[in-house]
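Data block below; observations after.
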Amino acid sequence: MAKIAAVKGTRDFYPEQMAVRNWIMEGWRQAGLRNGYVEYDGPIFEHLRLFTEKSGEEIADQLFFFTDRGGRALALRPEITPTLARMVNEQINSLARPIKWFSVPRLFRAEKPQRGRLREFFQWNVDVIGSEDILADAECIYTAIDYLRSVGLSSKDVVVKISSRKVLAALLKDLGFAEDGLEEVYVLLDKRPKLPREAFDEMAAEQIKDQALRNRLKEMLQRLQPEASEDSLSKLKVLAPEAVQADIVSFSDLFYYLELMGVADYCEFDINIVRGLAYYTGPVYEIYDRREPLRAVCGGGRYDDLLAGLGGQEVPATGFGMGDVVLELMLKERGLLGGAAQGLDFFVIDAGRELFSFSREDKDRCVLAVVSRLREKGFSAAFDYKRQPLGKQLKQAAAQKARWAVILGDETIKEGKVNVKNMAQGGQRTVGLEEFLSRPGETVK
Ligand code: HAM
């Protein structure tokens with residue numbers, strides 16, 4: 001039979017890739033805990049309706065769905081936010097607020113696989129439920145930056161582009177758009193930065209039939225385009241009509257809090273951020289690689305109506321999702337994946353014919369005994385299954401990325417000593433076996 005290939009848009013995690021994935025997730029978890037969130041998870045599949053109800057077309061078009069034997073329409077989760085809303089709705093009266101939860105779900109979207117976009121990926125989700133204070137939005141944004149900063153991405157590498165659907169809604173209504181037509185305009189505007197100008201114009205003409213209204217929209221967007229030399233939030237304040245000022249004041253607090261948290265240099269107002277998901281109601285943001293501005297590593301915002309929309313009480317909520325695929329590309333391009341390096345602490349070698357025997361007389365000074373004692377002390381240690389000459393065992397140690405080789409030689413071990421070799425730098429020390437085993441970490445300092 002011919003070999004069966006992996007499905008397009010999925011990844012195999014061989015040990016090297018698995019180490020990267022674990023390292024990324026460990027960093028996410030630590031940042032979640034450090035910022036006061038606790039971890040949750042839900043099922044990988046849900047009722048299809050949970051995702052088609054409130055997330056909007058973009059997600060609905062990308063679902064992997066199936067029917068179970070009882071005829072129920074189910075879907076693999078494309079995001080975890082509806083699951084989170086469902087779970088919180090379930091226990092809303094017993095959960096202490098604000099609910100600060102994070103999760104690292106495996107997600108599935110039937111996308112056209114491309115650089116930074118796959119059909120199966122992981123996402124770090126950080127959400128605050130039960131607070132309408134814009135401080136909660138600020139803390140979520142801070143948490144995302146806290147992680148990115150911890151892996152070496154500075155404000156020169158990444159930018160958090162922030163806007164507000166509330167401010168945008170006020171601006172659009174002021175231009176003459178009807179409240180019930182806003183959703184359509186959001187979808188259109190979300191596509192704007194990703195489309196060539198002509199294609200956008202064509203789409204806009206199709207959707208907004210009133211030419212004068214269309215022109216007013218274009219003009220407003222043009223005036224509010226961010227420019228490197230200018231503080232675009234101040235520009236918004238100056239250009240926005242009176243009716244919008246109240247919303248801008250509360251939105252400005254977000255930037256003020258981010259400044260107090262010491263991350264203002266990562267953040268800027270950008271009118272182009274609208275978000276593709278339908279449920280957002282307030283501040284919205286996306287985090288981009290400054291070198292590749294079309295690829296978001298993270299997206300989120302406030303979604304105050306989702307819990308009620310899914311049958312629960314009116315409970316405000318805000319949060320984000322950060323994807324592992326774009327993140328890994330960004331870190332790789334900058335040589336920042338070093339923390340994921342795998343390797344052993346010790347590789348223990350028997351370098352003498354006499355020691356190869358595993359005889360009872362040598363039982364405390366053979367590789368098996370030394371390896372076991374190192375492991376007992378919490379160090380990672382390995383050895384070669386074949387009793388081979390020193391050179392071959394050293395090669396094996398290098399192949400397993402051992403930091404130190406512990407060499408037991410016929411002569412030295414008789415005197416109760418071992419040689420400890422630094423595999424990276426090549427230096428070697430002779431130390432007493434017992435002294436080494438009682439404090440392995442000290443010996444190799
Ligand atoms: P989203 O913008 O759909 O938001 O996804 C967030 C991030 O997940 C994206 O910026 C991207 O890095 C990653 N991502 C999305 N789709 C793919 C894909 N096909 N392949 C690889 N990475 C992908 C949400 O999912 C919201 N539920 C986030 C949220 C949480 N909002 C509030 N709380």
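Counting convention: from 1, in listed order, for ligands and their atoms alike. Note: hydrogens, waters and symmetry copies are ignored here, and every other heavy atom, side chains too, is used.
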Show the atoms of ligand 1 that are less than 4.0 angstrom away from any heavy atom in [X].
X    : value
Y280 : 26 (C), 28 (C), 29 (C), 31 (N), 32 (C)
E111 : 16 (N), 17 (C), 18 (C), 19 (N)
V297 : 10 (O), 12 (O)
V325 : 21 (C)
T81  : 26 (C), 27 (N), 29 (C), 30 (C), 33 (N)
Q123 : 5 (O), 6 (C), 7 (C), 8 (O), 24 (C), 25 (O)
D127 : 30 (C), 32 (C), 33 (N)
Y279 : 26 (C), 27 (N)

Is [X] salt-bridged to [Y], cutoff N-O under 4.0 Å?
X    : Y    : answer
E46  : R72  : no
R275 : E286 : yes
R295 : E292 : yes
D305 : K54  : no
E179 : K173 : yes
R302 : D304 : yes
D133 : R97  : no
D247 : R165 : no
D157 : R149 : no

Starting from [atom], find the nearest protein heavy-atom neighbour and note its residue, name and distance.
atom                    : answer
atom 32 (C) of ligand 1 : G319 O, 3.1 Å
atom 24 (C) of ligand 1 : L277 CD1, 3.5 Å
atom 4 (O) of ligand 1  : R275 NH2, 3.0 Å
atom 14 (N) of ligand 1 : F121 CE1, 3.5 Å
atom 9 (C) of ligand 1  : A296 O, 4.0 Å
atom 28 (C) of ligand 1 : G321 N, 3.4 Å
atom 20 (N) of ligand 1 : L118 N, 2.9 Å
atom 15 (C) of ligand 1 : R109 NH1, 3.4 Å

Exercise. Which bit of E79 gets closer than 4.0 Å to ligand 1, counting heavy atoms only: side chain, backbone, both or neither?
Worked result: side chain
Exercise. What orientation do Y40 and W101 show, parallel under 30°, tilted 30 to 60°, or perpendicular over 60°?
Worked result: tilted
For this session: Check whether NZ of the Lys or CZ of the Arg R21 lies under 6.0 Å from the centre of the six-membered ring of F13 and within 45 degrees of that ring's axis.
Result: yes
